[in-house]
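Quick note: residue numbers are just sequence positions, from 1. None of the values given here were measured: they were computed from a predicted structure.
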Amino acid sequence: MTSPLVWLPFDPALLGDAPASLRYEVVDPTQHVPDSVGDVAFYVPPYMMSGAVGDVLPRMTSLEVVQTLSAGVDNVRSRVPAGVTLCNGRGIHDTSTAELTLALVLASLRGVPDFVRAQGRHSWETGWRPALADKKVLLIGYGAIGEAIEARLLPFEVEVVKVARTARDGVHAMEDLPALVPDADVVILIVPLTDLTRGLVDADFLASMKDDALLVNMARGAVVDTDALVAALGTGRIHAAIDVADVEPMPADHPLWDAPNLLVAPHVGGASSAMWPRAHRLVRDQLHRYAAGEPLVNIMVGDY
């Protein structure tokens, strides 16, 4: 009997003690699809997932598991065949994304982009800026990454208000947002992109934010209505920092480039030295579970 085939986007040696009962091939199907495509049982797509990583799925007639390296699965969710288990990269990006979230919040509040521009002009420009301390932070999307963000926020002497899809002890439901947004000094988005969250932050949402509030989008670009955000920033009433956009890479003529009071990062929340060790560990552990016939973790079910 032939051993199950695993497609990996990296050298299997990086996994350490990967199960010897499985076969491995290093494949990026957006570049080349080997003849073994029909034998693949366990598929780990490349980290930088475009919709193209799902194009190969209909040809994987032996497929049992898709394990993404991203927390979001919106690029492949609708393409995974019935009966195939889809697992996300929960735990891989918590640390890196939480770090960048705090970096964007602090840089935006304390005016770090202005310091960089002044340095380029050799200009010593002082002034008062808002602190993170004593702020009320509304954290929308209280999953694993949300928990990691909260853990890093709390030492800054803030009040964290948490929101998730459904209410639980200490966590509000999404339905509570209209009452919560107007009191928040900082609003952080870390929700998955679903039919429920697409366009969540629209003109009414932005209009309800208090003056000088900061919006930080670490989720997906489509969670925010871009035209509404550009219009709101144009008034000078609110600030924003984003690690995601509705079109990526953002073209040179994208209106967000020139929007005032905006700090743009190029979708690098997970791109740090902390990512790959966690990715290799998760994939290795999943493969051991798979080889042993044990339940997998991070299985995506229902409306995610």
Side-chain angles (χ1 to χ4, degrees), residues 1-49 53-98 142-148 165 192 194 270-304:
M1 180 177 173
T2 305
S3 301
L5 177 62
V6 179
W7 272 9
L8 295 172
F10 47 72
D11 188 338
L14 295 170
L15 297 175
D17 61 337
S21 60
L22 304 176
R23 294 181 294 137
Y24 302 93
E25 292 181 1
V26 180
V27 176
D28 180 349
T30 66
Q31 302 298 319
H32 172 66
V33 179
D35 293 339
S36 59
V37 61
D39 299 327
V40 178
F42 196 111
Y43 174 40
V44 182
Y47 168 55
M48 298 305 291
M49 287 201 311
V53 299
D55 292 346
V56 74
L57 290 172
R59 301 170 61 184
M60 292 180 161
T61 54
S62 301
L63 188 63
E64 297 179 23
V65 179
V66 175
Q67 171 65 65
T68 70
L69 298 179
S70 59
V73 294
D74 43 283
N75 277 325
V76 296
R77 174 174 49 200
S78 64
R79 315 284 293 281
V80 176
V84 173
T85 301
L86 173 62
C87 303
N88 79 340
R90 178 185 172 99
I92 293 177
H93 303 288
D94 303 4
T95 295
S96 297
T97 303
Y142 192 65
I145 297 177
E147 291 178 7
R165 184 177 60 179
T194 68
S272 83
S273 59
M275 176 199 152
W276 283 113
R278 288 157 176 79
H280 297 150
R281 183 166 61 239
L282 173 63
V283 172
R284 181 188 65 230
D285 292 349
Q286 289 284 68
L287 289 171
H288 276 288
R289 292 185 182 95
Y290 173 74
E294 298 174 353
L296 301 175
V297 300
N298 294 6
I299 295 177
M300 306 300 290
V301 295
D303 181 19
Y304 44 79

In Å, rounded to the nearest 0.5 Å, how long is the span from OG1 of T68 to CZ of R90?
-> 12.5 Å
With sequence neighbours left out, which residue pairs that include part of residues 2-27 fulfil the salt bridge (charged side-chain N to carboxylate O under 4.0 Å, His left out) condition?
-> D17-R284
Starting at OG of S3, measure out to OH of Y24 and round the result to the nearest 0.5 Å.
-> 9.5 Å
Check against side chain to side chain contact (heavy atoms under 4.5 Å, CB included), Q286 and V297 = CA-CA 7 Å; Q286 289 284 68; V297 300; 3.3 Å; yes
Side-chain contact test, heavy atoms from C-beta onward, threshold under 4.5 Å: evaluate it for L282 versus L69 and give yes or no.
-> no
May I ask you to decide if A71's main-chain N or O and N88's side chain share a donor-acceptor pair within less than 3.5 Å?
-> yes
Between G270 and H93, the two heavy atoms sitting closest are CA-ND1, 3.5 Å
Measure from the side-chain N and O atoms of S96 to the backbone N and O of A271, and report whether any donor-acceptor pair falls under 3.5 Å.
-> no
Closest non-hydrogen atoms of I299 and C87, given as atom of the first, atom of the second and distance, are CG1-SG, 3.9 Å
Is D55 close to R79 at the side-chain level, that is, under 4.5 Å between some pair of heavy atoms?
-> yes
Exercise: identify the closest heavy-atom pair between S21 and P4 = O-CD, 3.9 Å
4.5 Å side-chain heavy-atom contact, P45 and P29 | no
With sequence neighbours excluded, what pairs up with Y290 under the ring-ring contact (aromatic ring centres under 6.0 Å, His included) test?
-> F42
Compare every heavy atom of V283 with every heavy atom of Q67, then report the nearest pair and how far apart it is.
-> CG-CG2, 4.5 Å
Criterion side chain to side chain contact (heavy atoms under 4.5 Å, CB included) on V56 and Y43, from CA distance to verdict = CA-CA 10 Å; V56 74; Y43 174 40; 3.9 Å; yes
Locate the shortest heavy-atom distance separating D94 from A148; write the atom from each residue and the value.
-> O-CB, 3.7 Å
OH on Y142 to CD on E147, rounded to 0.5 Å | 4.5 Å
Reported CE-to-OH distance for the pair M275 and Y47, which is rounded to 0.5 angstrom | 5.0 Å
Can you measure from CD (E294) to CG (D285) and round to the nearest 0.5 angstrom?
-> 10.5 Å
Derivation and outcome, side chain to side chain contact (heavy atoms under 4.5 Å, CB included), residues L57 and V66 | CA-CA 9 Å; L57 290 172; V66 175; 4.0 Å; yes
Determine, stepwise, if the pair L63 / W7 fulfils side chain to side chain contact (heavy atoms under 4.5 Å, CB included).
-> CA-CA 11 Å; L63 188 63; W7 272 9; over 6 Å; no
How many angstroms lie between OG1 in T85 and CE in M300, if you round to the nearest 0.5 Å?
-> 12.5 Å
